[in-house]
Amino acid sequence: MVSLENVIKGALRPTTVYAICILLIGIISIYPLNLPIVVSDQTKKAFNLIDGLPSGSIIAVSNEGLNWDQYVVIKSVLTKHLLSKGIKWVDINFADANKMVDCELVYKKYVFIGGAFANKIYGEDYAMFTFVPGLDAAIAVWAKDFRSVYKVDYYGTPTDNLPIMKNKNVLEDFAMVIVITLSAPWSIVPWMRVEGGKYLNFIFMVSGVNQADVLPFIQIGQIQAMVVDVRGGAEYEKLSGFPGLGAQGTDSFSVYVILIVVLVGISNISLLAEETSQRGSSKSVIIKKEVKLK
Amino acid sequence: MSLVDPRLTIGGMIGVVLVICTLSAAFKESPFSRLVEFVSMASLAGAATVIGLQNVNSYAIQPILKGNYITLIPLLLGFLMFFQYYKPVSWATRYPTAVIVGTATGLGMRGFLDSLFIQQITGAISGVVKQNTTIGLINQLFIVALIISTVIYFIFSIEHKVRSKIGTIGRYAILIAFGIQFAGTSATRLSQLLYYIRYVLTGIL
């Protein structure tokens, strides 16, 4: 007779679980469920702050990290939102040497594709600057004198020749700083220390791993808002009206999380059943059980 | 449907193969999964080397060639770091290490007290006064109580009887915070896995 305990243990073998997960994700990727996306307060606040900037404002976007799957979602929707509002930006980078390549790829493959935003001109509406090592020191010097850190842009054009950089040289010249980063808190702290902590117009776009690290700074107002991970990117896509990779992934993410909860429940039931049966067997005759896991 | 449309590029198809090899490690370690590990480590090391050499060229060598000889100092200090590999002269690495540590400490102290200490404390306490709703006030008082109890948990010079009662609350607050951090980490890793599974599927289908 097959016991419930053995059935559950058989179903919970790692190979079985992995296979179920991959199959489930595959099916949902092909046949999406179109589950509703609930927008969090932080994403809403970040969106409203960026949306509220007047057209023609110039902001700085620091591309300091995030894995590609997170970065492509957040960067593409942010860029499309900025372009649609007429907000100009400069891309800077103090932490991840490879991130500007990713940035260029996002623009090429996901933003300026199919003739979208064809009226936007590099150098006038946006500009890219390359990676500068030093993080803390580089940010401190950049905040005081942009041109001492960035003499030329990503393509070698002198900074003074870029129309977007006219009369922009210190941190206060930028309406906002958006930091896209993976490695909080050590990437948050240099920004909080810049200018003695007096500049408070930051929005952070972080990974889910670092969400808890950013919250204390949001609590007291040093950071205005944050967008978290692919989920935040999907929420931002819903708010901005530019559906993309984030919205595609939320269905499988939601189902996967439900699956994990179900598996945790099954595991706990199995554990309870095992403990109950062991307690029951110790009261009467001891029955030897061979539990085969494989 | 396609993410980067890997069907159109050889690089994309290689990426799909590498992702499949990586995911195979979840089932059983094999030469394929080990191959991917070696490939990723080697490419990271190669990229770091190239970027490092590029930085040395653009921030040290090029300024020297243009007449800015002050950059000879960091170039020399960086060169001294390699002396650690030969024991009789490894003492020379102490000088660049001292410069690095001193610079980092100086930069770290800059603005530390105000932005990371005073503002955090005043923000937490003054948040109580700024609340307009009852729920917000209770929430903020709860946060302040947890902050105080967590700090007390780490004060070891208070008598244990007093510390154990209040510090227990702080310990639970720490556990909850770590739980939230773990949940965020799990969600991040999950979304990464989902992306690469979708990448493989849209590449093959």
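A note on names: the letters A, B, ... follow the listed sequences, proteins ahead of strands, and every chain is numbered from 1.
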Above 12 or not: heavy atoms from other molecules or residues under 6.0 Å from [atom1] of [X]?
| X | atom1 | result |
| --- | --- | --- |
| B/L175 | CG | yes |
| B/Y95 | OH | no |
| A/F112 | CZ | yes |
| A/R147 | CZ | yes |
| B/L65 | CG | yes |

Mind checking whether [X] and [Y] have side chains closer than 4.5 Å, heavy atoms only?
| X | Y | result |
| --- | --- | --- |
| A/D229 | B/Q192 | no |
| A/R231 | B/S191 | no |
| B/T188 | A/Q211 | no |
| A/Q222 | B/Q120 | yes |
| B/L194 | A/V230 | no |
| A/N98 | B/I51 | yes |

I need the [X] [atom1] to [Y] [atom2] distance, nearest 0.5 Å.
| X | Y | atom1 | atom2 | value |
| --- | --- | --- | --- | --- |
| B/L190 | A/I260 | CG | CD1 | 5.0 Å |
| B/Y199 | A/D69 | OH | CG | 12.5 Å |
| A/I220 | B/I121 | CD1 | CD1 | 9.5 Å |
| A/L23 | B/I197 | CG | CD1 | 10.5 Å |

**Fill in**
Per-residue tally against chain B (heavy atom, under 4.5 Å) across A/A212, A/P133, A/S207 peaks at A/P133
Side chain from CB out, backbone as N, CA, C, O: work out which of these in [X] comes under 4.5 Å of a heavy atom of chain A, or both, or neither.
| X | result |
| --- | --- |
| B/F182 | neither |
| B/I143 | side chain |
| B/A124 | backbone |
| B/Q54 | neither |

**Message:** So which atom in A/V209 and which in B/Q181 form the shortest heavy-atom distance, rounded to 0.1 Å?
**Reply:**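 Closest approach of A/V209 to B/Q181, heavy atoms only: O-NE2, 3.3 Å.
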**Asked** Does the pair A/F131 and B/N55 meet the rule for a side-chain contact (heavy atoms from CB on, under 4.5 Å), with working shown?
**Response** CA-CA 9 Å; A/F131 163 70; B/N55 286 335; 3.8 Å; yes
**Message:** Under 4.5 Å from any heavy atom of chain B, what part of A/V228 do you find: side chain, backbone, both or neither?
**Reply:** neither
